[in-house]
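Below you'll find the structure, written out as structure tokens, and then a few comments.
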Amino acid sequence: MEKEKGLFYIETWGCQMNEEDSEKLSGMLRNIGYSNTEDKEKANIIIFNTCCVRENAELKVYGNLGALKKLKKENPDLIIAVCGCMMQQEGMAEGIIKKFPFVDIIFGTHNSHKFPEYLNRAKQEGKSIIEIWNEEEGVVEGLPIDRKSDVKAFVTIMYGCNNFCTYCIVPYVRGRERSRKPEDIEEEIQSLVKKGYKEITLLGQNVNSYGKDLVPLLSFSQLLRRLNEIEGLERIRFMTSHPKDLTDDVIDAISECDKLCEHIHLPVQSGSAKILKKMNRSYDREQYLELVKKIKERIPGVALSTDIIVGFPGETEEDFEETLSLIKEVEYDTAFTFIYSKRKGTPADEMEEQIADDVKHKRFNRLIDTVNKIFEKKNKEYEGRVVEILVEGESKTSDDRLMGRTRTGKLVNFYGDKSNIGKFIEVKIVKSNSFSLTGEEI
Ligand code: 5AD
Ligand code: SF4
């Protein structure tokens, strides 16, 4: 390790994939002698890792970049870098440099492993560097990762997406599906377990199509069964599952493998067959409900979560009500709810019958009311029960409680000893609300 060179600050927008990329950037910077700071004003390097899945995320990046002008003026040696999905959009990097000429480095999602090189160049050349690759370079292994938690870790098993849902920008900015080799995944998890990690979440835009590009072929369920054999690992989760690809062998693996948690994130997006078709989701309402029925039968006590979009082009009041009725029928444990956001370059952006903003917002509020009531009902079922939780750390509530999660992913806040962090303990659930449970150690 070299002598400390300075401090870096990373701000991350968007999904777990971006979080993981930031953990890698952080790992690389530590390897070359930098340390992390939570204070932008003290940083020698500021990195914004951007998201473009919805317009809101982009607007936040612009606002935050504007605010850096003052910092750069006060400290001309400050290096400002912008990366992530937003930068993969055509013309975006050039636009950013034009608007914010004080940005030093711009790179994309396919070449973030090159960041230390760009950093050196920016320091030596003293001019802005734009490096965006349109093609991925296969899978880059072996990058250092500076993980946020010591208890649970996210492990990417595949990159990219081949699905092209008509609203979604991800396939354009993250490229085609590429699976990591099972040996590399196993090795990473084994080394995490050696460091004391207990829980792993496998990540991919569509984990169920894992391995289709590998020689020899290996299915997702085969990977799950292999990982279930890792000694010392206690819990395995995964996300995201595309309903069209969640096959029986995966459901069997969850029901048969002791480490696989009873929680499936199964984005439905809409409850209307007509809208699902326009979204290019490749399943209809009935098929989705059949799948849910099968999952509930085969995995007793399973928790289901989902993603829902309101206000997709052409969505009528009836279509929206079908979404509400599907939610009530499935009874999700949690849901990520979104207002449809037009994304340039996607087919839905060109569709007629775009929904007016006020209609979208009204529907969104009704959606929130509906899902909250269901979460509340589902959480109430836990009251009085004794559950096992993995204690993850301090609670985000303002008191000095700890927090942990059940196998089904329920967040439990409780008063307890910090020495329990990283351990499995039993708690009795004494109270519940829409988003969390209150427990007492027993
Ligand atoms: N508008 C709103 N929500 C979107 N999502 C993806 N693209 C859009 C968009 N253009 C949501 C989907 C996806 C989640 C990660 O983000 O629900 O599952
Ligand atoms: Fe986007 Fe659909 Fe791929 Fe998910 S499956 S990343 S929603 S295109």
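Each ligand, and each atom within it, is numbered from 1 in the order the structure gives. One-based numbering along the sequence shown. Here the structure is a predicted model, which means the values were calculated and not measured.
Nearest protein heavy-atom neighbour of atom 1 (N) of ligand 1: Ser341 N, 3.0 Å. The protein heavy-atom contact nearest to atom 13 (C) of ligand 1 is Asp307 OD2, 3.5 Å. Regarding atom 17 (O) of ligand 1, its nearest protein heavy-atom neighbour is Gln269 OE1, 2.6 Å.
Ligand 1 does not have Thr346 within reach: every non-hydrogen atom of the residue lies 4.0 Å or more from it. Arg174 does not count as a contact of ligand 2, since none of its heavy atoms falls under 4.0 Å from the ligand.
We find that Glu19 and Lys148 are joined by a salt bridge, their nearest charged nitrogen and carboxylate oxygen being less than 4.0 Å apart.
Listed by first then second residue, pairs satisfying ring pair (Phe, Tyr, Trp, His ring centres under 6.0 Å) with a partner in residues 276-333 read His242-Tyr283, Tyr283-Tyr288, Phe312-Tyr340, not counting sequence neighbours.
The heavy-atom pair separating Ser241 from Pro267 by the smallest distance is O-CD, 3.3 Å.
Only protein atoms were considered; those of element N, O or S under 2.8 Å from atom 1 (Fe) of ligand 2 number 1.
Proximity to Arg54 (heavy-atom distance under 4.0 Å) selects the following atoms of ligand 1: 1 (N), 2 (C), 3 (N), 4 (C), 5 (N), 11 (C), 16 (O). In summary, the atoms of ligand 1 found under 4.0 Å from a heavy atom of Arg343, numbered by their order in the structure, are 10 (N).
For the residue pair Arg285 and Ser325, a side-chain donor N or O sits within less than 3.5 Å of a side-chain acceptor on the partner. Between the side chains of Asn413 and Thr397, no donor N or O sits under 3.5 Å from an acceptor N or O. A donor-acceptor contact closer than 3.5 angstrom is absent between the side chains of Ser272 and Ser270. Side-chain atoms of Asp39 and Thr37 form no donor-acceptor pair, as typed in the model, at a separation below 3.5 Å. In this model, no donor atom of one side chain and acceptor atom of the other lie less than 3.5 Å apart for Glu55 and Ser341.
Taken to the nearest 0.5 Å, the CE atom of Met351 stands 8.0 Å off from the OG1 atom of Thr346.
Under the 30°/60° scheme for interplanar angles, the aromatic rings of Phe100 and Phe102 are found to stand perpendicular.
Contacts between Tyr167 and ligand 1 below 4.0 angstrom, taking non-hydrogen atoms only, involve backbone and side chain alike. Here Lys342 has no heavy atoms under 4.0 Å from ligand 1, in either its backbone or its side chain. Residue contacts with ligand 1, taken as heavy atom pairs separated by less than 4.0 Å, involve Ile339 solely via the backbone atoms N, CA, C and O.
Tested against Tyr159, the residues Arg180, Glu177, His110, Gln205 include a single side-chain contact (heavy atoms from CB on, under 4.5 Å) partner, Arg180.
Residue Tyr340 has no N or O atom closer than 3.5 Å to an N or O atom of ligand 1.
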